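I have placed the structure first, in the form of structure tokens, so that the comments after it can refer back to it.
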2 protein chains.
Amino acid sequence: MTTIRDVAARAGVSVATVSRVLNGSGYVGKDTEIRVKKAIQELNYRPNTVARSLANRKTGTIAVILPDIMNPFFSELARAVEDTARDGGFTVIFCNSDDLGTREQHYIEVLRQKYIDGIIFASNSMGEDDIVYMNENRIPIVVLDRAPGKSGCTVIRSQNAAGAVMAVRHLMETGCRKIAHIAGPGELITAQERLRGYRKAVKGFTWFDESLIVPGHFSIRGGERAVSGLLERHPDVDGIFAGNDLMAIGALKALQRMGRKIPRDISLCGFDGVEMSEWTEPELTTIAQPIYEMGRKAATHLIARIRGKAVKEDILELDVRLVERNSTRRRKN
Amino acid sequence: MTTIRDVAARAGVSVATVSRVLNGSGYVGKDTEIRVKKAIQELNYRPNTVARSLANRKTGTIAVILPDIMNPFFSELARAVEDTARDGGFTVIFCNSDDLGTREQHYIEVLRQKYIDGIIFASNSMGEDDIVYMNENRIPIVVLDRAPGKSGCTVIRSQNAAGAVMAVRHLMETGCRKIAHIAGPGELITAQERLRGYRKAVKGFTWFDESLIVPGHFSIRGGERAVSGLLERHPDVDGIFAGNDLMAIGALKALQRMGRKIPRDISLCGFDGVEMSEWTEPELTTIAQPIYEMGRKAATHLIARIRGKAVKEDILELDVRLVERNSTRRRKN
DNA sequence: CTGAAAGCGCTAACAG
DNA sequence: CTGTTAGCGCTTTCAG
């Protein structure tokens with residue numbers, strides 16, 4: 001392994017000078033710079049990142065902690081983060097928390113010891129105290145889907161409640177008379193907000209009943225199961241707003257198996273806009289979050305923070321949009 | 001930040017001793033060990049991994065280079081790798097190559113500079129020369145889906161050709177008379193092998209024709225597009241073997257949109273066994289690779305190599321199995 | 001069984 | 001503009 005010393009020797013300068021041309025820091029004579037670069041070339045020298053990290057406490061590595069990389073929402077997010085990080089010269093570590101608090105704690109500790117430059121938290125098991133801990137240790141973080149508040153770190157979120165309202169409105173505008181909601185886990189803020197939006201949108205309608213809200217755990221199976229009980233209690237439901245696309249896909253599947261035509265008999269609207277929502281037949285109408293954009297923004301902000309740039313906005317709330325596809329009826333003009 | 005020196009001072013010993021108890025290496029008196037451990041406790045000391053890495057050239061980090069984390073096959077693989085790595089005390093970096101040679105080269109270089117302990121290549125753009133390069137640099141690697149050969153590194157693969165034969169046989173046994181194949185990219189060895197299996201299975205049948213083989217690029221869209229041209233040329237096709245599940249899902253979607261009933265009019269069989277293949281309606285019959293198992297094995301072997309354990313088998317060929325679901329007809333008993 | 005000291009490879013004052 | 005040198009925090013001979 002060739003080191004900075006070898007280069008220095010070959011170029012007939014000191015290691016400091018080599019370091020300077022390597023980092024473009026300080027003054028270096030034009031000609032010496034050329035000599036050094038030549039030596040680097042000839043020796044095919046590559047600086048050792050670890051040594052560098054030890055010396056300046058920067059590793060060029062960020063981490064993203066998410067519940068499960070297999071969840072299409074998070075794999076898309078992860079992809080965005082990695083793309084952005086790569087552009088910025090960073091490398092990314094991914095951690096599957098399964099929303100387990102203990103696991104998350106473990107990761108945080110390991111990452112800290114590794115001098116990780118920053119962390120993106122897309123996991124829900126993270127508490128306010130974790131944020132405090134990160135702050136104390138001076139390690140920049142960006143969190144997703146937290147409530148707006150005095151968190152002391154960048155928060156990226158999207159308009160969950162407003163999106164839910166859009167979903168219900170759209171179902172009504174396309175002819176639905178009785179709309180149910182398959183809800184996500186009560187602990188998750190995104191699920192809470194979407195439920196809140198649903199409630200707001202259906203408030204005052206005589207057909208509304210609490211039992212139109214059924215849990216679906218943000219999973220395919222959950223969505224599948226939710227449907228049967230729902231239709232038993234409310235055979236006349238003609239619209240379903242699922243709290244995320246996975247549950248919508250599960251519901252779609254269950255409904256199709258029951259012989260219901262979508263959207264003729266029942267309309268279905270999801271939430272998230274994962275790529276997979278285009279893969280069903282019919283394709284899923286959904287409230288799309290700009291997932292890739294969220295990942296990109298998360299990474300961009302984190303990197304800015306790492307570079308010490310003061311970041312003005314602390315809470316980014318991104319717009320969602322209705323993507324009309326074929327699991328809901330056409331709007332009557 | 002508290003360092004090993006602080007601990008040493010507090011315990012009234014030298015840093016060497018602290019290092020010894022930290023690593024369980026060398027002899028340490030029972031009582032001094034206790035004193036040191038107590039000091040570590042009290043100071044809540046955590047060794048700095050970077051310093052450690054610089055000193056012993058081990059980072060406790062592995063990387064997995066894959067085409068795209070958003071592809072469900074690879075996200076499942078990545079999940080398996082991370083789970084296994086975590087159990088072994090490793091952390092994992094993921095890299096999306098998009099099968100771009102240049103990008104892969106870039107990663108390899110970056111990772112080498114970071115003293116990464118080992119790499120899992122699940123990307124197809126990697127050549128024999130990359131393997132040689134890694135060997136020269138003494139960095140252990142495990143590759144997926146390479147041809148068996150003198151690669152000088154662990155190879156994990158599955159029985160692609162045999163699986164393809166199983167698929168075609170199954171279609172025939174369940175009543176199909178004319179079976180088409182949607183093939184993956186010609187450059188990919190997995191695609192080649194599956195095509196080879198298909199050819200072997202249909203050889204000799206009078207209905208077979210080269211034009212029953214259509215390209216689908218291993219993607220949803222590709223599968224979708226493949227179908228229309230295929231049915232135009234061969235309206236009597238009643239069975240399709242898709243080279244992977246994504247293409248099968250695309251085909252399923254296209255067929256459904258064309259009003260064909262699956263499996264009544266046409267039977268469909270995929271390959272891979274990604275979780276997503278259960279999410280369609282009807283669920284997809286497929287030749288399942290043990291994806292998670294492949295990831296787990298890849299990580300296990302890599303870690304063994306990193307730890308210097310001599311690994312006997314160099315090529316692991318895993319079994320595939322037919323998962324009969326509802327996109328093909330029931331076998332007549 | 002324990003300590004001193006020499007690195008690991010690079011950065012960053014501080015002189016010159 | 002360039003060189004010297006002291007770390008970054010830990011591991012590992014080599015003595016004792």
Side-chain angles (χ1 to χ4, degrees), chain A residues 1-37 39-40 43-61 89 109-110 112-117 137-139 308, chain B residues 1-37 39-40 43-61 89 109-110 112-117 137-138:
Chain A
M1 159 149 288
T2 111
T3 79
I4 198 174
R5 232 170 282 280
D6 303 322
V7 176
R10 175 135 193 157
V13 299
S14 75
V15 295
T17 303
V18 177
S19 176
R20 287 192 192 97
V21 347
L22 244 33
N23 300 294
S25 59
Y27 298 88
V28 179
K30 199 59 196 159
D31 44 335
T32 44
E33 176 171 352
I34 293 175
R35 283 218 313 293
V36 171
K37 284 193 167 153
I40 290 177
L43 293 161
N44 187 240
Y45 165 73
R46 301 272 177 253
N48 175 327
T49 315
V50 177
R52 221 174 222 186
S53 300
L54 182 59
N56 63 15
R57 328 197 123 218
K58 297 216 161 308
T59 53
T61 303
E109 205 40 61
V110 170
R112 188 174 72 77
Q113 291 179 218
K114 285 203 192 246
Y115 269 28
I116 216 78
D117 289 340
N137 283 279
R138 292 282 161 73
I139 134 159
Chain B
M1 158 150 289
T2 111
T3 80
I4 197 173
R5 231 170 283 281
D6 303 324
V7 177
R10 174 131 193 161
V13 298
S14 73
V15 295
T17 302
V18 177
S19 177
R20 287 192 192 98
V21 344
L22 243 34
N23 301 293
S25 59
Y27 298 87
V28 178
K30 200 57 196 161
D31 44 333
T32 44
E33 175 171 352
I34 293 176
R35 282 220 312 291
V36 171
K37 284 194 166 150
I40 290 177
L43 294 163
N44 189 239
Y45 165 72
R46 302 273 177 252
N48 175 325
T49 315
V50 177
R52 219 173 222 186
S53 301
L54 182 60
N56 63 16
R57 331 197 118 214
K58 297 219 160 304
T59 53
T61 304
E109 206 40 61
V110 170
R112 189 174 73 78
Q113 291 179 219
K114 285 202 191 247
Y115 270 29
I116 216 78
D117 289 341
N137 283 280
R138 293 281 161 75

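Basis for what follows: all heavy atoms, side chains included, without hydrogens, waters or symmetry-related copies. Chain letters run A, B, ... following the sequence lines, proteins first and then strands; every chain starts at 1. What you see is a predicted model; the values in this text were computed from it and never measured.
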Testing C:dA13, C:dC10, C:dG3 for proximity to the side chain of A:R5, the answer is C:dC10
Test item: B:M1 and A:R57 side chains (from C-beta on) under 4.5 Å apart, heavy atoms:
yes
Check every atom of D:dG3, D:dG9, C:dG3 against the side chain of B:S14 and return the nucleotide holding the closest atom.
C:dG3
Counting only side-chain N and O atoms of A:S19, is one of them less than 4.0 Å from OP1 or OP2 of C:dT11?
yes
note: A:I4, atom CD1; D:dG3, atom C1'; distance rounded to Å ~ 13 Å
Which one, D:dT12, C:dG3, D:dC10, comes nearest to the side chain of B:N56?
D:dT12
A:R46 (side chain) and C:dG9 (base): donor-acceptor pair under 3.5 Å:
no
Look at the side chain of B:T17 and decide which nucleotide, out of C:dG9, D:dT11, C:dG3, has an atom nearest to it.
C:dG3
Nearest heavy-atom neighbours spanning B:R52 and B:N23:
NH2-OD1, 3.5 Å
May I have the distance from B:L54 (atom CG) to C:dA6 (atom P), rounded to whole angstrom?
17 Å
Report the nucleotide, chosen from D:dG9, D:dC10, C:dG9, that has the shortest atom-to-atom distance to any side-chain atom of B:M1.
D:dG9
Please find the pair of heavy atoms, one from A:D117 and one from A:K58, that lie closest to each other, and give the distance.
OD1-CA, 3.4 Å
With a 4.0 Å limit, can you tell me whether A:T32 has a side-chain N or O closer than that to the phosphate oxygens OP1/OP2 of D:dT2?
yes
Between C1' of C:dC8 and NZ of B:K114, the distance in whole Å
18 Å
Among C:dA13, C:dA4, D:dT2, the one nearest any side-chain atom of A:Y27 is D:dT2
Does B:R52 place a side-chain N or O at less than 4.0 Å from the phosphate oxygens OP1/OP2 of D:dG9?
no
Whole angstrom is fine here: how far is it from NZ in A:K58 over to P in C:dG9?
23 Å
Polar pair under 3.5 Å, donor/acceptor by atom type, side chain A:R20, base D:dG3:
yes
Would you tell me if any nitrogen or oxygen in the side chain of B:N48 comes within less than 4.0 Å of OP1 or OP2 on D:dC8?
no
Nearest heavy-atom pair of A:L22 and A:P47: which atoms, and what distance?
CD2-CB, 4.4 Å
Please find the pair of heavy atoms, one from B:T59 and one from A:V50, that lie closest to each other, and give the distance.
CG2-CG2, 4.3 Å
Would you indicate, yes or no, if C:dC10 has its OP1 or OP2 atom less than 4.0 angstrom from a side-chain nitrogen or oxygen of B:Y115?
no
Specify the residue among A:V13 and A:A55 whose closest nucleotide of DNA chain D lies further upstream toward the 5′ end.
A:V13
Under 4.0 Å from OP1 or OP2 of D:dG9: is there any side-chain N or O of A:R57 that close?
yes
